[in-house]
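The structure under discussion appears below in the form of structure tokens.
What's counted below: heavy atoms across the whole structure, side chains too, no hydrogens, waters or symmetry copies.
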Amino acid sequence: MLVSFVLQLVGALLPNVPLLIATSAAGLALDLYLQHRDPGLLALLGKVRFDVMVRQLLRDMVIMLGLLRLHDDGSLRDYAPVFVGVVLFYAAHLGCQAVAILVRRSRTLPFVTRNIDASGLHLTAAPPRILARQHGRRLVRFAVPATLGLLVTVGTGKAAGAMAGVGLALVLAAGGLLYLASWLRPAKRIATDEQAIEWLDRWLAEYRPTVGMYFSGGTSSAYQANMWLSTLAQLDGKPIIVLRERFMVKKIDATDIPIVCIPKVHHLMALEQSTLKVLLHPSNSGKTSQVLRMPSIKHAFINHGESDKLSSCNPYSKAYDEIWVAGPAARERYQLADIGVDDRDVVEVGRPQLAPIQPYAGAPTRPFTTVLYAPTWEGWDGNPGNTSVMLAGENIVRELLADPAVRLLYKPHPMTGSVDPRAGEANRRIKDMIREANERRQGPRPGPEAAAELERLTAELQALTTSTFRPSVDEAERMLVQTAPEPGRSAAVEAATAAWEAAYWASLPEWEHQIVTGPRPALYSCFNQADVLISDVSSVVSDYLISEKPYAVANTSGMSEEEFLANFPTVTAATILTPDASGVRALLAAVRDPRLDRLAEARAQLKVQLLGPSDPPSLVRFNQAALDLARAADERAARVAARAAASEIPGQREAAGAALPDDGAAPAAPGGGDWFSPAQGR
């Protein structure tokens, strides 16, 4: 691009008509191409103030410089209308840009919804994307007639070409400006911020939510919330999902639960005036403290997975009213961590979302032993024991691929390599090893009808779980399209997902190794296919234990096996693999011959320790915990109301003060209640 500008300038100064025309056209074509194929490069140019406006203006100015050099005899006066037209074109472009900013601001509400009938916000379809949000593409595309017209004039010496091209460009820019401005008319304007907040208050009053899930995180963390959707949908009461990042609305999987994304804190406070009693938190984030300010809502930390890692007993947990854990092991973990968590605030609820995992049915009867290798990611702290991918992954996979009776399912953590590039490189090498191993294998494949069935079910599931949008859709139009779902959609999605997973596995050869990435098939579906799991110290191990199938954990921590077992209770029923993966053969032998499996009883005991009893079912315990916490919120609200009423009755304020201890401190509220008003912080 830079070369084209230099050569274009040379062609204008000489002047050299062929060079000027060729380089000008090439520069314009390159800009159009990069707008589509490599916008990241153009973004870098923008950082050095060489953005699309500068480039296009420079391109046209150099062409006009060439005209000056070609017509230094005074005939340039004939081109005065052309120059005026070019100036008006750029003025119209800047005007359109200003209107685009106004339109985007007018269509940006203080919140985003999904699965809610938001017609009361007067939502309308979005303006064309090229006018409202793609100013670079708009400028280059609308400028094409002007630039080409100028080049025609350079080649012919006649002003008609330039006048026609610039005139057409001006019509496009001015027409786009007027058309975009029509979205500022009252008929197309959506609700203002004040009207939107009033609408949200009314909707909350009508829907009357009781229990919700609060989530804030990065682009790759949505899985932490998605794993709780089915559980939240089955709780008694009116569920709701509260998000903080606008992009996260699109990351949440298909669900019938109403979703409200409220980015700003002062708008978030609308929840305090609602009927919401309980918020469940699957992760910690910087924005979590903002919602914890609401004393009228009880907060429970449910985590997105439990393991022996320090992150599973974070001191931040003290900020919540309760910490819900799967079983006794997590309760003990908090006490051993000695981080100030009161044991009375820990509630054992099991892991309700593990219900789809099938129990152990004995040694594999299929020709191939299916091994699931699901390593976790490298984490933030640089601990080499976090993931086995770097130090042991290739050795583990090499040993598995060497066994002709093994079928490997490789499902790495979606964040692998996001912190340590070495983990990403190891992950790529493992995938290459698996692909090469498949090239050396042969066997029968399912017929074309299996692929056709999978394609049909994929389309069916896609139709149920995604909404179809126009290319120009914006947030407001998404809210309009993603209205309240049809009754029964959730059950239909669940059935379609189960059918899709069955068709997916049926469409694959039983001898072929698989690299499983993406949201489907889910990890639990892989659990059901596997005869044995190999993983790291992570929640994957705890979840897999519900099946009581054999599993192995890679020890890349540098500890001895005795130290490893002592520090990580979740591996006490596992086969421990060293980085050289020398224990893989013995592991496979124990899987195939239960007489060699000396850890079956240990797995059954550890399952109860990690996940709690199977009776009553986990969902029942989880639901009861939610009802109990909601009752605590009601009791606290009643106490606050009683104190407020007492303070308004003459003589009772003095009586209440006389009941305080000598030091003037308020006594502890029964049931763990709080002795402060809703206006105070936690």
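Ser535 and Tyr544 form no side-chain donor-acceptor contact under 3.5 Å, judged by distance and modelled atom types alone. Donor-acceptor pairing under 3.5 Å is lacking for the side chains of Gln35 and Arg141. Checked by atom type, the side-chain pair Ser525/Trp505 shows a donor-acceptor distance below 3.5 Å. Counted by atom type alone, Thr288 and Ser285 present one or more donor-acceptor pairs between their side chains at under 3.5 Å. A side-chain donor-acceptor contact under 3.5 Å links Glu245 and Ser216.
Atom CZ of Arg246 sits in a crowded spot, with more than 12 heavy atoms from other residues, nucleotides or ligands closer than 6.0 Å. Atom CZ of Phe247 sits in a crowded spot, with more than 12 heavy atoms from other residues, nucleotides or ligands closer than 6.0 Å. Around atom CD of Gln624, more than 12 heavy atoms belonging to other residues, nucleotides or ligands sit under 6.0 Å away. For NZ of Lys238, the number of neighbouring non-hydrogen atoms (other residues, nucleotides, ligands) closer than 6.0 Å is greater than 12.
A ring-ring contact (aromatic ring centres under 6.0 Å, His included) with His281 is found for exactly one of Phe301, Tyr214, Phe215, namely Tyr214. For the side chain to side chain contact (heavy atoms under 4.5 Å, CB included) with Met248, the lone residue among Leu243, Ile241, Thr219 that qualifies is Leu243.
Nearest heavy atoms, Gln353 versus Thr231: N-OG1, 3.9 Å. When all heavy atoms are compared, the tightest approach of Leu454 to Ala503 is CD1-C, 4.0 Å. Of all non-hydrogen atoms in Pro258 and Asn115, the two that sit nearest each other are CA-CB, 4.0 Å.
Looking at Leu523 and Phe527, their side chains come closer than 4.5 Å, going by heavy atoms from C-beta outward. Within the 4.5 Å cutoff, the side chain of Ser538 has no heavy atoms near those of the Trp377 side chain. Between Met294 and Leu279, every side-chain heavy-atom pair lies at or beyond the 4.5 Å cut-off. Annotation: side chain of Gln97 is in contact with side chain of Arg138 (closest heavy-atom distance under 4.5 Å). The shortest distance between side-chain heavy atoms of Leu268 and Val242 falls below 4.5 Å. With a 4.5 Å cut-off on side-chain heavy atoms, Leu121 and Phe111 count as touching. When side chains are defined from C-beta on, Val52 does not count as touching Leu42, because their heavy atoms never get closer than 4.5 Å.
The closest donor-acceptor contact from the side chain of Asp253 to the backbone of Asn226 lies at 3.5 Å or more, if one exists at all. Looking at Thr113, its side chain never comes within 3.5 Å of a backbone N or O of Met479 through a donor-acceptor pair. No donor-acceptor distance shorter than 3.5 angstrom exists from the side chain of Lys411 to the backbone of Cys526, with no hydrogens or angles considered. Checking side-chain atoms of His304 against main-chain N and O of Pro282 turns up a donor-acceptor pair under 3.5 Å. With hydrogens and angles disregarded, a donor-acceptor distance shorter than 3.5 Å links the side chain of Thr466 to the backbone of Gln462.
Ion pair Asp628/Arg631 flagged as a salt bridge, since at least one NZ, NE, NH1 or NH2 atom sits closer than 4.0 Å to an Asp/Glu carboxylate oxygen. With respect to Arg107 and Glu477, no salt bridge is recorded, no charged nitrogen being found less than 4.0 Å from a carboxylate O. For the pair Arg621 and Glu348, the salt-bridge criterion is not met [side-chain N within less than 4.0 Å of a carboxylate O]. A salt bridge links Glu453 and Arg456; the closest N-O separation between the charged side-chain nitrogens and carboxylate oxygens is under 4.0 Å.
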Problem - side chain to side chain contact (heavy atoms under 4.5 Å, CB included) evaluation trace for Arg114 with Arg478 - result: CA-CA 8 Å; Arg114 200 177 112 190; Arg478 282 180 179 274; over 6 Å; no

Exercise for the section: Determine, stepwise, if the pair Lys277 / Asp634 fulfils side chain to side chain contact (heavy atoms under 4.5 Å, CB included). Expected result: CA-CA 8 Å; Lys277 302 174 183 179; Asp634 287 337; 3.1 Å; yes

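Glu460 CD to Thr497 OG1: the interatomic distance, rounded to the nearest 0.5 Å, is 10.0 Å. We find the CG-CD1 distance between Leu123 and Ile190 to be 6.0 Å, quoted to the nearest 0.5 Å.
A parallel orientation is assigned to the rings of Tyr207 and Trp203, their planes being inclined by less than 30° (bins at 30° and 60°).
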